[in-house]
Number of protein chains: 2
Amino acid sequence: MGRDRATLADVAKRAGLSKTAASMVLNGREGTRLSAEAHQRVFAAAEELGYRPNVAARSLRTRKTATIAFVSDIVATTRFAGGLIRGALDAARERDHVLLITETQGDATFERYAIEAILDRQVDGVIYAAMATRRLSVPPAILSGPVVLLNATSAEDLPCVLPDDEGAAAAIAETLLGCGHRDRIALIGRNRQKERDPEISLAAEARLRGIRATLAAAGVSLLVESFCPEWLPEHGYTATRALLARPDRPTAIICMNDRLAFGAYQALGEAGLTIPDDISVISFDDDPTASWLRPRLSTAALPHEQMGRRAVELLLDGEAPAQSLVPMPLRRRRSVAAPAGSPAAEHD
Amino acid sequence: MGRDRATLADVAKRAGLSKTAASMVLNGREGTRLSAEAHQRVFAAAEELGYRPNVAARSLRTRKTATIAFVSDIVATTRFAGGLIRGALDAARERDHVLLITETQGDATFERYAIEAILDRQVDGVIYAAMATRRLSVPPAILSGPVVLLNATSAEDLPCVLPDDEGAAAAIAETLLGCGHRDRIALIGRNRQKERDPEISLAAEARLRGIRATLAAAGVSLLVESFCPEWLPEHGYTATRALLARPDRPTAIICMNDRLAFGAYQALGEAGLTIPDDISVISFDDDPTASWLRPRLSTAALPHEQMGRRAVELLLDGEAPAQSLVPMPLRRRRSVAAPAGSPAAEHD
DNA sequence: ATGCTCTGCTAAATCAGTTTAGCGACGTAG
DNA sequence: CTACGTCGCTAAACTGATTTAGCAGAGCAT
């Protein structure tokens with residue numbers, strides 16, 4: 001892999017100059033007094049030899065590797081990981097950096113291994129990512145260098161990147177209000193664990209807060225809040241069936257995520273109800289399947305790619321260490337309409 | 001990031017030996033004549049100082065970095081990428097290696113950048129991955145070192161890892177035959193482009209071949225073969241509606257992938273048909289949504305994690321450069337049953 | 001002529017390992 | 001007594017870059 005590459009010494013010799021001169025020219029060092037002609041010769045030589053610096057040699061001296069470690073708890077399980085990685089990858093490339101990826105799987109041994117691997121390789125910084133928005137504790141060993149938390153916060157209050165769940169929740173509530181839904185809005189996906197333990201989720205509490213505050217400002221409160229043991233399709237299905245059994249059927253359902261909404265669609269379909277004419281459905285995440293559903297599901301998108309980018313920007317462009325909230329764009333699709341019988345209920 | 005680390009010189013000094021001795025002991029060099037006591041002292045010193053070798057310094061000399069490049073065309077778009085990466089990550093960790101990830105996005109400029117980044121960092125080998133099983137052309141620059149193709153083949157016939165689509169197709173056909181389906185099996189997802197151009201897909205042709213051969217061996221042929229412009233839910237939906245309009249309604253539908261099956265479910269649901277009592281559905285990929293559907297979808301799983309592993313094994317354990325076919329396990333779920341009215345049609 | 005600064009460049013040290021070549025002490029054979 | 005081999009270990013070269021310290025020559029003022 002990459003034998004016989006030209007070295008700086010080769011370039012220098014060909015340019016008839018010293019390694020020092022070649023190094024300075026190629027690194028664009030200011031304040032050097034090398035002649036314009038010397039510059040030309042070095043550039044020409046480098047070009048002709050196809051010179052590329054050896055990263056190992058350089059970083060031995062400079063302690064910079066142009067490499068960022070991307071450490072996450074889980075890569076594969078969640079389909080969103082790809083977005084985080086891709087955003088980070090893009091931003092890293094723009095800054096001439098590269099990503100070293102490791103996964104801890106929430107296992108202490110693997111985590112130790114990951115940490116050692118990245119310290120041994122002297123990465124320039126670490127992006128510590130969680131696949132579910134949550135609080136976590138960062139292994140102290142990596143605090144010796146720059147760290148950005150991605151989709152997570154920690155006790156050390158390091159710079160971090162989070163999705164704006166509360167804002168998204170507000171937007172969702174406003175959308176429903178705007179359509180004319182008021183007293184018959186149901187929520188699916190309350191979950192004590194997720195709401196209480198920030199190490200499990202930060203999203204649950206923020207979403208709930210955003211929805212309630214926005215509705216309250218309009219003098220409205222939720223009709224029902226269904227609890228679910230998990231945010232999976234089957235729980236959305238069960239919860240929706242329960243809702244439909246009530247005398248005061250809701251006109252709209254907010255699901256805490258798209259998987260619940262997926263289950264809600266199944267239950268509504270079985271019950272012979274039409275979305276959005278009979279009931280509107282809206283949710284969070286913008287899972288790829290959201291746009292496979294019929295009608296396509298309105299949902300607040302987790303901006304994973306943006307978040308990945310932002311993490312790299314925070315890490316490399318060293319802005320003020322802060323908490324960076326990335327807005328969650330609301331994807332307005334066909335699953336939301338005015339409630340049946342409302343004055344605004346002409347079909348759009 | 002990792003300042004003040006103990007160096008080999010520190011270890012040597014503490015052990016009262018030379019750097020040479022320390023290096024040899026720590027690397028477990030055979031044939032050295034260092035005393036047992038010297039070994040002890042070096043190990044003890046390394047332990048006490050928490051010594052970890054500097055990878056940059058080492059690889060400068062040895063040209064080994066314990067790093068593998070994982071180059072893919074697209075990371076984020078497909079939800080399967082995670083599996084490939086995770087498998088590779090696991091296998092790499094077991095071999096004390098780490099993964100450097102880059103993405104070309106099918107763009108020549110990005111690819112060039114990725115290649116340079118990789119060569120500059122002297123990775124020990126390259127895994128060149130495609131997100132859809134296909135033939136591709138490998139940039140010559142990386143052929144100077146070990147390369148394994150993942151989910152792809154190439155003209156250079158490099159070692160490669162592929163899913164066994166043909167075998168999976170045979171298993172699917174056999175499953176249907178075994179349930180008693182014979183002359184009324186439909187196929188959704190024929191696609192000339194995919195079948196003809198190996199740079200787009202190798203799966204389409206292999207799946208078709210496997211299905212046909214297995215059915216033919218039982219003296220059966222497909223009732224219909226529906227063409228689709230893409231393998232997306234909407235096309236599965238349309239194709240299924242067309243099938244249902246026929247007088248000889250199929251008893252089973254094979255979909256070329258789960259997204260098509262997703263659309264088929266929608267069409268069947270709308271038509272008031274029950275899966276699997278009225279019609280069985282089976283497909284390929286085992287997309288996560290397959291188990292969200294009601295009834296859960298039977299499908300041949302793309303073994304992404306296995307494939308990622310295998311690629312690393314081929315790369316690092318240097319077996320005979322070969323084509324490695326990874327079996328696609330058939331996930332038998334509730335979407336397949338005996339055809340209505342068949343002798344075997346007691347509900348299971 | 002002397003001292004001074006400025007210009008344009010280079011020698012050598014340095015980073016932290018691996019590897020080659022070989023040294024001194026000791027035992028033994030001739 | 002010398003030659004030779006073995007044992008246990010080390011000095012120094014080497015990898016390919018960056019960086020520090022400084023040198024030679026020109027131009028200028030005194």
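Per chain, numbering begins at 1; letters A, B, ... match sequence-line order. Computed from heavy atoms alone, side chains included, the values below leave out hydrogens, waters and symmetry copies.
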Would you kindly say whether [X] and [Y] are connected by a side-chain donor-acceptor distance under 3.5 Å?
{"X": "Ser154(B)", "Y": "Glu156(B)", "value": "yes"}
{"X": "Thr133(B)", "Y": "Asn151(B)", "value": "yes"}
{"X": "Ser324(A)", "Y": "Arg310(A)", "value": "yes"}
{"X": "Asp157(B)", "Y": "Gln323(B)", "value": "no"}

Calculate the interatomic distance between [X] atom [atom1] and [N] atom [atom2]; express it in whole Å.
{"X": "Leu26(B)", "N": "dA16(C)", "atom1": "CG", "atom2": "P", "answer": "16 Å"}
{"X": "Arg5(B)", "N": "dC15(C)", "atom1": "CZ", "atom2": "C1'", "answer": "14 Å"}
{"X": "Asn27(B)", "N": "dT19(C)", "atom1": "CG", "atom2": "P", "answer": "7 Å"}
{"X": "Asp10(A)", "N": "dA17(D)", "atom1": "CG", "atom2": "C1'", "answer": "13 Å"}
{"X": "Leu8(B)", "N": "dT15(D)", "atom1": "CG", "atom2": "P", "answer": "19 Å"}
{"X": "Asn54(B)", "N": "dG17(C)", "atom1": "CG", "atom2": "P", "answer": "5 Å"}
{"X": "Asp120(B)", "N": "dG16(D)", "atom1": "CG", "atom2": "P", "answer": "14 Å"}

Return no unless some side-chain N or O of [X] is found under 4.0 Å from OP1 or OP2 of [N].
{"X": "Arg52(B)", "N": "dA16(C)", "result": "no"}
{"X": "Arg29(B)", "N": "dT18(C)", "result": "no"}
{"X": "Arg58(A)", "N": "dG16(D)", "result": "no"}

Using a heavy-atom cut-off of under 4.0 Å over every strand shown, decide if Thr7(B) touches base, sugar-phosphate, or nothing.
sugar-phosphate
Need one value for Ser23(A): base, sugar-phosphate or nothing, where a base atom within 4.0 Å counts as base even if backbone is also close, heavy atoms only.
base
Of the options dG16(D), dT19(D), dT18(C), whose atoms approach the side-chain atoms of Leu60(A) most closely?
dG16(D)
So, does [X] use its side chain to make a donor-acceptor pair with the main chain of [Y] at under 3.5 Å?
{"X": "Thr67(B)", "Y": "Thr65(B)", "value": "yes"}
{"X": "Asn27(B)", "Y": "Ser23(B)", "value": "yes"}
{"X": "Asp107(B)", "Y": "Thr109(B)", "value": "yes"}

Each nucleotide in nucleotides 6-14 of chain D should get exactly one letter: B, S or -. Can you fill that in based on protein heavy atoms under 4.0 Å?
-BBBBBB-B
